[in-house]
Amino acid sequence: MDRYLVFGHPVRHSKSPFIHTLFARQTQQELEYGLAEPAIDEFAHALRTFFDQGGKGCNVTVPFKEQAFALVDRLSPRAKRAGAVNTIKLTDDGVLLGDNTDGAGLVADLKSHGVTLADSRILLLGAGGAARGALAPLLAELPSELLIANRTHTKAQQLAAEFHDLGPVTAQTYEQLAGPFDLVINSTSASLQGELPPLAPALIHTDIAIYDMMYGASDTAFISWAKQHGARQTMDGLGMLVEQAAEAFTVWRGIRPGTKQVLRELKRNLGVI
């Protein structure tokens, strides 16, 4: 039976085995999917061992995405742009192909919620790996403007400069931001600590779409704050998790699973519904 894993540290909380088991059942694919939590300095060895022992593919999560980028034999265009790998496939000719499905998953989830990206004004909070992975797919949807705001402004400037060839992306400080925005995406991990990006409440309005890449059994701190200030459409990153997994499954198996029922099952598993 074909074997797949998700590498992370920590990773025991991962919902990837649950998601991919449902995808396999839905598409009648025979595979098994497990967890691997090597020590930080043992990831390269663990990855090589997995594929030497017959593994077919894997997902890679924090903190190994940048290491994976350096370890694969070939990179997809979107992995090159993201500077990180979250999906690895062993090709038929024995090549380890590194891909990044995070941005595609974000865009797919936004569209599933009816969010219009073309000609929209988008604010992306954060300038780390999650923001980097999202930029190229977001700009491919042809927004009118995409602004990056980050606590360390120089990082936002560097990121905007790197992706400027793909579309109208610029960096601003939080103090410089002026609305209205159609969509605000929080790519920071602030919600994991119950904290908020320093965004002015005046930027929130009733017709804005709010997206937090973090998720939980209840609203994240950012979503709760946005609702308190009048936002009516708010989304967390659970759908992105499922959509990026579906993209990875497609890379591995050549068949695209449906995501709606799997997302419902995942929400039940987490106690969200």
Side-chain angles (χ1 to χ4, degrees), residues 102-151 156 159-160 167-244 259-260 263-264 266-267 270 272-273:
D102 286 331
L106 169 65
V107 168
D109 192 36
L110 286 165
K111 288 183 175 180
S112 76
H113 284 94
V115 177
T116 299
L117 298 172
D119 296 320
S120 64
R121 193 162 185 256
I122 301 173
L123 173 59
L124 179 62
L125 307 179
R132 175 180 290 275
L135 274 168
L138 285 171
L139 290 168
E141 297 298 319
L142 304 178
S144 62
E145 187 178 15
L146 195 158
L147 279 76
I148 306 171
N150 188 59
R151 288 181 187 271
L159 201 55
V169 55
T170 56
Q172 289 190 354
T173 66
Y174 278 98
E175 293 76 23
Q176 290 172 326
L177 293 173
F181 293 101
D182 300 298
L183 169 65
V184 177
I185 301 170
N186 180 24
S187 77
T188 76
S189 59
S191 287
L192 293 177
Q193 289 81 41
E195 298 172 355
L196 294 168
L199 193 65
L203 293 175
I204 306 301
H205 55 89
T206 55
D207 295 325
I208 201 170
I210 297 292
Y211 196 100
D212 194 338
M213 289 189 187
M214 301 299 108
Y215 64 87
S218 57
D219 284 346
T220 67
F222 184 63
I223 285 178
S224 293
W225 175 85
K227 283 182 175 179
Q228 290 169 10
H229 292 93
R232 291 186 296 193
Q233 184 176 21
T234 58
M235 300 149 280
D236 68 14
L238 196 60
M240 176 181 171
L241 175 68
V242 175
E243 293 291 350
Q244 66 81 23
T259 55
K260 290 184 179 179
L263 180 57
R264 283 196 293 268
L266 181 58
K267 286 180 176 179
L270 289 170
V272 178
I273 58 174

Do the non-hydrogen side-chain atoms of [X] and [Y] ever get within less than 4.5 Å of each other?
X: Arg232; Y: Asp207; answer: yes
X: Leu110; Y: Leu138; answer: yes
X: Val115; Y: Gln233; answer: yes
X: Tyr174; Y: Leu125; answer: yes

For [X] and [Y], work out which heavy atoms get closest and say how close.
X: Asn150; Y: Ala127; answer: OD1-N, 3.3 Å
X: Ala221; Y: Glu195; answer: CB-O, 3.8 Å
X: Ser144; Y: Pro168; answer: O-CG, 3.4 Å
X: Met240; Y: Asp109; answer: N-OD2, 3.3 Å
X: Gly126; Y: Ser187; answer: CA-OG, 3.7 Å
X: Arg121; Y: Phe181; answer: NH1-CE2, 3.5 Å

Kindly compute the distance separating [atom1] ([X]) from [atom2] ([Y]), expressed to the nearest 0.5 Å.
X: Met214; Y: Phe222; atom1: CE; atom2: CZ; value: 12.0 Å
X: Thr234; Y: Lys227; atom1: OG1; atom2: NZ; value: 4.0 Å
X: Ile204; Y: His229; atom1: CD1; atom2: NE2; value: 8.0 Å
X: Ile208; Y: Asp182; atom1: CD1; atom2: CG; value: 8.0 Å
X: Arg132; Y: Ile148; atom1: CZ; atom2: CD1; value: 9.5 Å
X: Ile210; Y: Leu203; atom1: CD1; atom2: CG; value: 9.0 Å

**Prompt:** Among Leu135, Leu147, Thr188, which residue meets the side chain to side chain contact (heavy atoms under 4.5 Å, CB included) test with Leu124?
**Reply:**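 Passing option: Leu135.
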**Message:** Tell me which one of Ile223, Leu196, Asp219, Asp212 satisfies side chain to side chain contact (heavy atoms under 4.5 Å, CB included) with Ser191.
**Reply:**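 Per the side chain to side chain contact (heavy atoms under 4.5 Å, CB included) rule, the option paired with Ser191 is Asp212, out of Ile223, Leu196, Asp219, Asp212.
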**Request:** Would you please test Leu199 and Asn186 for side-chain contact (heavy atoms from CB on, under 4.5 Å) and show each step?
**Result:** CA-CA 10 Å; Leu199 193 65; Asn186 180 24; over 6 Å; no
